[in-house]
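Start at 1 and go down the list; that is how both ligands and their atoms are numbered. These numbers were taken from a predicted model, which means no experiment stands behind them.
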Amino acid sequence: MTKSWGAVIVAAGRGSRMKTSESKQFLLLQDKPIFIHTLEVFNRIPMIKDIIVVTGAPDVRRCEEWIKQSGLHDQRTFVVSGGKERQDSVYAGLQKLETDYVLIHDGVRPFVQRDHIEACMKAAEQFGAAVLAVPVKDTIKQVSTDGIITATPDRSSLWSIQTPQAFRLSDVKEAHKLAVESGFAGTDDAMLVERLGRQVKIVEGSYTNIKITTPEDLDYAAFMQKGEREQ
Ligand SMILES: Nc1ccn([C@@H]2O[C@H](COP(=O)(O)OP(=O)(O)OP(=O)(O)O)[C@@H](O)[C@H]2O)c(=O)n1
Ligand SMILES: C[C@](O)(CO)[C@H](O)COP(=O)(O)O
């Protein structure tokens, strides 16, 4: 039987590292807010039945308006309000879904590729959970608080983790509930599922799937967007 899929796109952050007055997910890239570019990629995948966009409570109306203007307004896209931390926003989005599986994605990763999302979906159906990632290219050091190197982990086993992250909905909801109950804060959703003792499969993605975080990422994003337009 075919499994049903939903997606949670989180776009409720403040973007403090971007240092702009507008929240970074709403900054324009080629006349469209960044989160709309992200949403467009997910919208091209018919297997995804429901898409939940999570944003700050004061931004719900304008997000709905942008979605309408972009022609993405259909029966499967809903906007809900998020929470203080990314984890709270994901949790809020998960409550709105009733599908078998879910993809969780950062609204500020607009360059994710459709084939990589689909590869994650396939791996999650096989392994229960899967995340997009790339092998680290730099040598990574562990450093003490006074700036002295304390260890050099073996690079061959290190991956830089991205989104989407795909899970059985029941597993990730259980993992988030447990995190809330135990006051655990993770930096991604896989961490919470790992705490349940479940295995999470790595799916190799692309270095271009950047999370737009700091001002230089915006220059790179504009460059990438121009390249896509000219293709
Ligand atoms: N309370 C929050 C915090 C973050 N996010 C979302 O999680 C994604 C990744 O987070 P990050 O890049 O850290 O975004 P911000 O928290 O906005 O950035 P900063 O840490 O620089 O303030 C973004 O799409 C962001 O909108 C969210 O939905 N709710
Ligand atoms: C989930 C994530 O995008 C995986 O790389 C990342 O951990 C989010 O981190 P941030 O603390 O919100 O920047």
**OP:** Could you find the nearest protein heavy atom to atom 24 (O) of ligand 1 and give me its residue, atom name and distance?
**Re:** V10 O, 2.8 Å
**OP:** Check the angle between the aromatic planes of Y101 and W5 and answer parallel, tilted or perpendicular using the 30° and 60° thresholds.
**Re:** parallel
Original post:
Is a side-chain donor or acceptor of H37 paired with a backbone partner of L29 at a separation under 3.5 angstrom?
Top reply: yes
**OP:** Output yes when a side-chain donor or acceptor of Q95 lies under 3.5 Å from a complementary backbone atom of Y91, and no otherwise.
**Re:** yes
Original post:
Can you find an N/O atom of I212 closer than 3.5 Å to an N/O atom of ligand 1?
Top reply: no
Original post:
Is the side chain of N209 donor-acceptor paired with the backbone N or O of T163 at a distance under 3.5 Å, no angle test?
Top reply: yes
**OP:** Please confirm whether the backbone N or O of V200 pairs with a side-chain atom of E194, one donor and one acceptor, at under 3.5 Å?
**Re:** no
Original post:
Of the protein's non-hydrogen atoms, which lies at the shortest distance from atom 7 (O) of ligand 1, and what is that distance?
Top reply: R86 CG, 3.5 Å
**OP:** Mark yes or no for whether R198, through its side chain, and D171, through its backbone, hold a donor-acceptor pair below 3.5 Å.
**Re:** no
Original post:
Counting from 1, what ligand 2 atoms have a heavy atom of R109 closer than 4.0 Å?
Top reply: 2 (C), 3 (O), 4 (C), 5 (O)
Subject >> Nearest protein heavy atom with distance in Å, relative to atom 9 (C) of ligand 1 >> reply: D106 OD1, 3.5 Å
Subject >> Heteroatom proximity flag, T163 to ligand 2, N/O under 3.5 Å >> reply: no
**OP:** Could you tell me whether M18 approaches ligand 1 through its side chain, its backbone, both or neither, with non-hydrogen atoms closer than 4.0 Å?
**Re:** neither
Subject >> atom 12 (O) of ligand 2: the protein heavy-atom neighbour that sits closest, reported with distance to 0.1 Å >> reply: R86 CD, 3.9 Å
**OP:** Report the member of Q87, K19, R14, K84 with the shortest heavy-atom distance to atom 1 (N) of ligand 1.
**Re:** K84
**OP:** Just need the protein heavy atom nearest to atom 14 (O) of ligand 1, so name the residue and atom and give the distance.
**Re:** K24 NZ, 3.3 Å
**OP:** If you have a sec, work out which protein heavy atom is nearest atom 13 (O) of ligand 1 and how many Å separate them, to one decimal?
**Re:** R17 NH2, 2.9 Å
**OP:** Give a yes or no on whether the backbone of T208 and the side-chain of S206 come within a donor-acceptor separation of less than 3.5 Å.
**Re:** yes
Original post:
Any idea which protein heavy atom is nearest atom 4 (C) of ligand 2, and the distance to it?
Top reply: I161 O, 3.3 Å
Subject >> Pair R86 + D189, salt bridge at N-O below 4.0 Å >> reply: yes
**OP:** Give the residue, atom name and distance (to 0.1 Å) of the protein heavy atom nearest atom 15 (P) of ligand 1.
**Re:** G15 N, 3.6 Å
Original post:
Considering only the protein, which heavy-atom contact is closest to atom 13 (O) of ligand 2, and what is its distance?
Top reply: K211 NZ, 2.7 Å
Original post:
What do you reckon, does Q162 have a nitrogen or oxygen under 3.5 Å from a nitrogen or oxygen of ligand 2?
Top reply: no
Original post:
Does a salt bridge link E181 with K177, judged by any charged N lying under 4.0 Å from a carboxylate O?
Top reply: yes
Original post:
For I212, does its backbone N or O pair with a side-chain atom of K24 as donor and acceptor, under 3.5 Å?
Top reply: yes
Subject >> Where ligand 1 meets S89 - atom numbers and elements under 4.0 angstrom, heavy-atom basis >> reply: 1 (N), 2 (C), 27 (C), 28 (O), 29 (N)
Original post:
Nearest protein heavy atom to atom 25 (C) of ligand 1, by residue and atom, and its distance?
Top reply: G13 N, 3.7 Å
Original post:
What is the nearest protein non-hydrogen atom to atom 11 (O) of ligand 2, stated with its residue, atom name and distance?
Top reply: R17 NH2, 4.3 Å
**OP:** Indicate yes or no for a side-chain donor-acceptor contact from D154 to the backbone of S156 under 3.5 Å, with no hydrogens or angles considered.
**Re:** yes
Original post:
Should one rank D188, I104, T187 by closest heavy-atom distance to atom 6 (C) of ligand 2, which comes out on top?
Top reply: T187
Original post:
Any non-hydrogen atom of A11 lying under 4.0 Å from ligand 1?
Top reply: yes
**OP:** With heavy atoms only and a cut-off of under 4.0 Å, state how H105 meets ligand 2: side chain, backbone, both or neither.
**Re:** neither
Original post:
Should W159 and E204 count as side-chain neighbours, where that means a heavy-atom distance under 4.5 Å?
Top reply: yes
Original post:
What protein heavy atom sits nearest atom 3 (O) of ligand 2, and how far off is it?
Top reply: D106 OD2, 2.6 Å
**OP:** Please determine if K96 forms a cation-pi arrangement with F78, meaning its NZ or CZ atom is less than 6.0 Å from the six-membered ring centre and no more than 45° off the ring axis.
**Re:** no
Subject >> Per-atom contacts of ligand 1 with V108, taking only distances under 4.0 Å to non-hydrogen atoms >> reply: 23 (C), 24 (O)
Original post:
Taking the side chain from Y207 and the backbone from P135, do they hold a donor-acceptor pair closer than 3.5 Å?
Top reply: yes
**OP:** Identify, by atom number and element, the atoms of ligand 1 in contact range of K211, meaning under 4.0 Å from any of its heavy atoms.
**Re:** 9 (C), 11 (P), 12 (O), 13 (O)
Original post:
Do you see a donor-acceptor pair shorter than 3.5 Å between the side chains of T214 and E216?
Top reply: yes
Subject >> atom 28 (O) of ligand 1 [closest protein heavy-atom partner, distance rounded to 0.1 Å] >> reply: A12 N, 2.8 Å
